[in-house]
Trainee: 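The structure is given below, and queries will be raised subsequently.
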2 protein chains.
Amino acid sequence: MDIRGHLDLLLLAVLADAGPVHGYAVIAALRERSQGVFDIPEGTVYPALHKLERAGLVVSRWEQATPRRRRVYELTPDGRVARTAKQREWRGLVRGVQAVIGSATLQGMA
Amino acid sequence: MDIRGHLDLLLLAVLADAGPVHGYAVIAALRERSQGVFDIPEGTVYPALHKLERAGLVVSRWEQATPRRRRVYELTPDGRVARTAKQREWRGLVRGVQAVIGSATLQGMA
DNA sequence: AGCCTATGCCTAGGTTTCCTAGGCATGGAT
DNA sequence: ATCCATGCCTAGGAAACCTAGGCATAGGCT
């Protein structure tokens with residue numbers, strides 16, 4: 001499945017709901033939540049997380065006391081705002097697309 | 001509004017429902033159907049139509065007997081198949097994204 | 001007549017986004 | 001001892017979209 005520009009929203013949503021999570025777990029969470037629809041490669045997720053951090057939407061820290069080294073990400077206040085905005089954007093897109101692809105059907109209905 | 005990889009679906013949908021249409025009218029149709037959500041620049045639409053034609057999903061002809069020269073596009077049988085496929089893809093994406101961003105809410109509900 | 005706007009087509013180039021294809025290190029199971 | 005899963009990373013390419021133009025003509029207005 002193709003992400004098509006909505007990766008940021010998905011990442012922000014996972015981080016918002018699941019709290020501090022490391023990258024690998026984000027990938028797993030997306031796979032599980034979407035029931036396998038989204039199986040996003042690491043080469044996509046890690047750079048995206050770095051970009052979000054550069055943008056100030058998340059902060060990361062290296063987690064101690066775990067068997068392996070993990071970088072744990074967490075939303076910033078700006079990140080929460082961005083999440084809401086992206087979600088609104090997403091709903092707008094869905095409404096728009098539905099309006100276009102559903103036009104024929106809608107016209108056929110009373 | 002950002003199209004994010006779904007332009008092909010929108011174009012195919014318009015051409016499928018509205019029959020033979022020229023490029024400028026496609027832009028207008030998208031704007032109207034979506035109630036202004038999609039106002040897609042010509043620099044986006046024309047190359048996209050050309051790409052669809054190269055892919056064999058649409059055919060075009062120059063329309064005669066109109067005040068201005070117009071290139072009119074029409075879906076091919078392959079185009080109709082592609083439209084259905086893209087629509088299915090779109091629904092899959094929506095389901096997936098909703099599952100991810102709605103997880104917190106869904107978990108909170110019975 | 002001259003001008004401006006809307007119609008209608010087009011391309012070149014840049015930016016962004018994502019994926020492919022690797023590399024690297026370690027913990028646990030066989 | 002070996003292999004797989006975990007866990008991180010980058011470089012480079014491909015695709016998609018937009019910006020920013022250019023070009024031509026019809027029709028309205030002054």
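Proteins come first, then strands; the chains are lettered A, B, ... in the order of their sequence lines, and each starts at number 1.
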Trainee: Is the shortest distance from a Lys or Arg side-chain nitrogen in A:Arg69 or A:Glu63 to a carboxylate oxygen in the other one below 4.0 Å?
Mentor: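 Judged by the 4.0 Å cut-off on N to carboxylate O distance, A:Arg69 and A:Glu63 do not form a salt bridge.
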Trainee: Applying side-chain hydrogen bond (donor to acceptor under 3.5 Å, both in side chains), name anything that partners B:Arg91, two or more places apart in sequence or on another chain.
Mentor: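 Not a single residue meets the side-chain hydrogen bond (donor to acceptor under 3.5 Å, both in side chains) criterion with B:Arg91.
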Trainee: How close or far is atom P of C:dC18 from atom CG of B:Leu93, stated in whole angstroms?
Mentor: 12 Å
Trainee: Could you measure the distance from the CG atom of B:Leu11 to the CD1 atom of B:Ile40? Nearest 0.5 Å is fine.
Mentor: 6.5 Å
Trainee: Test of understanding: with side-chain hydrogen bond (donor to acceptor under 3.5 Å, both in side chains), list the residues that count as partners of B:Ser60, not counting sequence neighbours.
Mentor: B:Glu53, B:Arg71
Trainee: Using whole Å, report how far CD1 of A:Ile40 lies from C1' of C:dT20.
Mentor: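 Nearest whole value for this atom pair: 15 Å.
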Trainee: What's the OH-P distance between A:Tyr24 and D:dC9, to the nearest Å?
Mentor: 13 Å
Trainee: Look at all strands and tell whether A:Pro67 reaches a base, only sugar-phosphate, or nothing, counting heavy atoms closer than 4.0 Å.
Mentor: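 Sugar-phosphate contact only - A:Pro67 comes under 4.0 Å of backbone atoms but never of a base.
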Trainee: Could you give the angle between the helix axes at the two ends of the helix from C:dA1-D:dT30 to C:dT30-D:dA1, with five pairs per end, rounded to 10 degrees?
Mentor: 10°
Trainee: What integer distance in Å separates A:Phe38:CZ from C:dC18:C1'?
Mentor: 14 Å
Trainee: Rounded to whole angstroms, how far apart are NE2 on A:His6 and P on C:dC19?
Mentor: 12 Å
Trainee: Mind calculating the distance between NE2 (B:His22) and C1' (C:dA6) to the nearest angstrom?
Mentor: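 For the pair B:His22 NE2 and C:dA6 C1', the rounded distance is 12 Å.
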Trainee: Residues in side-chain hydrogen bond (donor to acceptor under 3.5 Å, both in side chains) with B:Arg68, at least two apart?
Mentor: none
Trainee: Rounded to the nearest Å, what distance is computed from the CG atom of residue B:Leu7 to the P atom of nucleotide C:dT17?
Mentor: 17 Å
Trainee: Respond yes when some side-chain nitrogen or oxygen of A:Arg70 is under 4.0 Å from OP1 or OP2 of D:dG7, and no when none is.
Mentor: yes
Trainee: Could you note down all residue pairs passing ring-ring contact (aromatic ring centres under 6.0 Å, His included) where residues 3-22 of chain B supplies at least one of them, sequence neighbours left out?
Mentor: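 Those involving residues 3-22 of chain B are B:His6-B:Trp90.
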Trainee: When you check the gap from the basic side-chain N to the acidic O, do A:Asp8 and A:Lys51 get nearer than 4.0 Å?
Mentor: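 Yes, this pair counts.
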Trainee: Output the distance between atom CD (B:Glu74) and atom CG (B:Leu57), rounded to the nearest 0.5 Å.
Mentor: 13.5 Å
Trainee: What nucleic acid atoms does B:Arg68 come within less than 4.0 Å of, heavy atoms only: base, sugar-phosphate, or nothing?
Mentor: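 Touches a base.
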Trainee: Would you kindly give the CZ-to-P distance between B:Arg4 and D:dA15, to the nearest whole Å?
Mentor: 18 Å
Trainee: Look at B:Asp17 together with B:Arg33 and state whether they make a salt bridge at an N to O cut-off of under 4.0 Å.
Mentor: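 Yes, charged N to carboxylate O under 4.0 Å.
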Trainee: Please classify the nucleic acid contact of B:Arg71 as base, sugar-phosphate, or nothing, using heavy-atom distances under 4.0 Å.
Mentor: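 Sugar-phosphate, backbone atoms only, no base.
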Trainee: Under 4.0 Å from any atom of DNA chain D, heavy atoms only: list the residues of residues 42-55 of chain A that qualify, in numerical order.
Mentor: A:Glu42, A:Gly43, A:Tyr46, A:Pro47, A:His50
